[in-house]
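This report concerns only the one structure given below.
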Amino acid sequence: MPKKSTKAAMSPAARTSANVPAASEEGPASNRATRAAERRAAIVEAAMEEFIARGFAATRLDDIAKRAGVAKGTIYLHFKDKESMFEELVRIVIVPVVARLTELPPPAGSVRDLVEAFARNFLKEVIGTRRGDLVRLIVAEGPRFPSVADFYYREVVSRGIATMRTLIELGIARGEIQEKDLARYPQILVAPAMIAVIWQSLFARHAPLDAQDMLRVHLDLIFGERRTT
């Protein structure tokens, strides 16, 4: 799968005087901002490759700078340390996926339909992609770096869990979900996604996993089997 770019566009600097032509004031400032944004994006992308290849602990800023094609000092113009760089990477690569879940409108159909739609999208965007590699990295090295795990919990896990709990409670209120205690453990609803991410890297070569079908079976256990007409 082609690697997704992490480059972000920067808006031009605002004019400070209506009497000064844009070319002499906005142009150079805009060019500097664009170049800075491009360097930052290159650093983040290089960091992702290094973290995935070496792990968080073994990754060195020198290696990131070399891969990004910048001086090591340039990194410190954008990030104070390796942890802040990793946090930026999570914000860019993973947080938007979860944000799409938390911004979903109230379901016009069933709660199951909404859960399935998000889960399918999650599996598509995470399994077999760099996002999946980052999630596995956090699972593997999070215990050694509590601040990294804490950040990931705040930015990703807590948001996803809160939304899952809301959907479960709605499903219970509508009579779609019979097990009321499920609201106490919304982790159960998203368990297949985590299993699929971990399985992909460890055991897929021995026993390929059909994550979509596993999800269907899982939701059948929670919502009951779909009726066929």
Side-chain angles (χ1 to χ4, degrees), residues 1 3-4 48 51-53 55-57 86 89-102 104 107 110-146 148-172 176-226:
M1 179 173 178
K3 183 171 59 180
K4 294 184 179 180
M48 178 168 64
F51 284 135
I52 291 172
F56 184 82
F86 189 82
L89 186 56
V90 171
R91 288 192 188 97
I92 292 173
V93 176
I94 299 179
V95 168
V97 177
V98 177
R100 284 194 285 275
L101 167 65
T102 60
L104 286 173
S110 69
V111 171
R112 174 170 179 159
D113 289 339
L114 191 62
V115 172
E116 282 187 333
F118 171 76
R120 284 196 300 269
N121 185 60
F122 180 87
L123 292 174
K124 178 182 176 182
E125 294 194 27
V126 175
I127 301 298
T129 72
R130 286 305 199 219
R131 292 187 180 97
D133 293 332
L134 284 178
V135 172
R136 288 187 287 270
L137 176 62
I138 293 166
V139 171
E141 300 203 38
R144 297 174 57 196
F145 301 96
V148 171
D150 291 348
F151 172 81
Y152 188 76
Y153 178 82
R154 290 194 308 270
E155 295 294 321
V156 178
V157 176
S158 63
R159 296 181 183 184
I161 291 298
T163 303
M164 286 295 103
R165 180 177 285 111
T166 299
L167 289 176
I168 291 168
E169 290 172 347
L170 180 59
I172 292 171
E176 292 185 49
I177 299 174
Q178 302 303 315
E179 179 52 72
K180 294 180 173 56
D181 281 343
L182 183 62
R184 296 169 54 199
Y185 304 105
Q187 295 89 340
I188 293 175
L189 197 58
V190 297
M194 287 304 300
I195 291 173
V197 168
I198 296 171
W199 190 277
Q200 178 69 19
S201 63
L202 295 178
F203 309 121
R205 66 184 182 276
H206 303 296
L209 180 67
D210 186 336
Q212 296 287 356
D213 196 51
M214 180 177 67
L215 172 67
R216 178 191 61 78
V217 172
H218 179 68
L219 294 182
D220 280 349
L221 293 172
I222 293 174
F223 291 94
E225 292 187 25
R226 282 192 182 278

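- Residues satisfying the side chain to side chain contact (heavy atoms under 4.5 Å, CB included) criterion with Ala119, sequence neighbours excluded, are Leu215.
- For Pro192, the side chain to side chain contact (heavy atoms under 4.5 Å, CB included) criterion is met by Met214, His218, not counting sequence neighbours.
- Note that the CG atom of Leu221 and the CD atom of Glu179 stand 12.0 Å from one another [nearest 0.5 Å].
- Residues satisfying the side chain to side chain contact (heavy atoms under 4.5 Å, CB included) test with Ala211, not counting sequence neighbours, are Leu123, Ala196.
- Residue Glu141 comes nearest to Gly55 through the heavy atom pair OE2-CA, 3.0 Å, listed as atom of the first residue, atom of the second, then distance.
- Minimum heavy-atom separation, Ala57 to Arg144: CB-NH2, 3.6 Å.
- Contact of the Ile222 side chain with the Ile177 side chain is registered, since non-hydrogen atoms from C-beta on lie closer than 4.5 Å.
- Looking at residues two or more places apart in sequence or on another chain, you find a ring-ring contact (aromatic ring centres under 6.0 Å, His included) between Phe56 and Phe51, Phe86, Phe145.
- Atoms CG and CG, from Leu189 and Leu219 in turn, are 6.5 Å apart once rounded to the nearest 0.5 Å.
- To the nearest 0.5 Å, atom CG of residue Leu167 and atom CG of residue Leu114 are 5.5 Å apart.
- For the atom pair CD of Glu169 and CG of Leu182, the computed distance is 10.0 Å after rounding to the nearest 0.5 Å.
- Phe203 meets the ring-ring contact (aromatic ring centres under 6.0 Å, His included) test with Trp199; sequence neighbours excluded.
- Closest non-hydrogen pair, Val156 versus Val98, comes out as CG1-CG2, 3.5 Å.
- Taken from CE in Met48 to CG in Leu89, the straight-line distance is 6.0 Å, to the nearest 0.5 Å.
- Ile138 approaches Pro143 most closely through the heavy-atom pair O-CD, 4.4 Å.
- Arg131 contributes a side-chain N or O that, together with a main-chain N or O of Val93, makes up a donor-acceptor pair within less than 3.5 Å.
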Worksheet entry | Residues Val135, Ile94; criterion side-chain contact (heavy atoms from CB on, under 4.5 Å); working and verdict | CA-CA 9 Å; Val135 172; Ile94 299 179; 4.0 Å; yes
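- Judged by distance alone, with hydrogens and angles left aside, the side-chain atoms of Glu176 form a donor-acceptor pair with the main-chain N or O of Val111 at under 3.5 Å.
- For residues 182-196, the set of pairs meeting the salt bridge (charged side-chain N to carboxylate O under 4.0 Å, His left out) definition, not counting sequence neighbours, comprises Asp181-Arg184.
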Item to complete: Please lay out, stage by stage, how Phe118 and Thr163 fare under the test side-chain contact (heavy atoms from CB on, under 4.5 Å).
Response: CA-CA 11 Å; Phe118 171 76; Thr163 303; over 6 Å; no
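- When all heavy atoms of Pro186 and Ile161 are compared, the pair lying nearest together is CG-CG2, 3.5 Å.
- The list of salt bridge (charged side-chain N to carboxylate O under 4.0 Å, His left out) pairs with a residue in residues 148-158, not counting sequence neighbours, reads Glu155-Arg159.
- For the pair Val139/Met194, a side-chain contact is recorded, criterion being any heavy-atom separation below 4.5 Å from C-beta on.
- With sequence neighbours excluded, the residues forming a side chain to side chain donor-acceptor pair (under 3.5 Å) with Arg216 are Asp213, Asp220, listed by chain and number.
- With sequence neighbours left out, the side chain to side chain contact (heavy atoms under 4.5 Å, CB included) criterion links Gln200 to Ile127, Arg136, Ala204.
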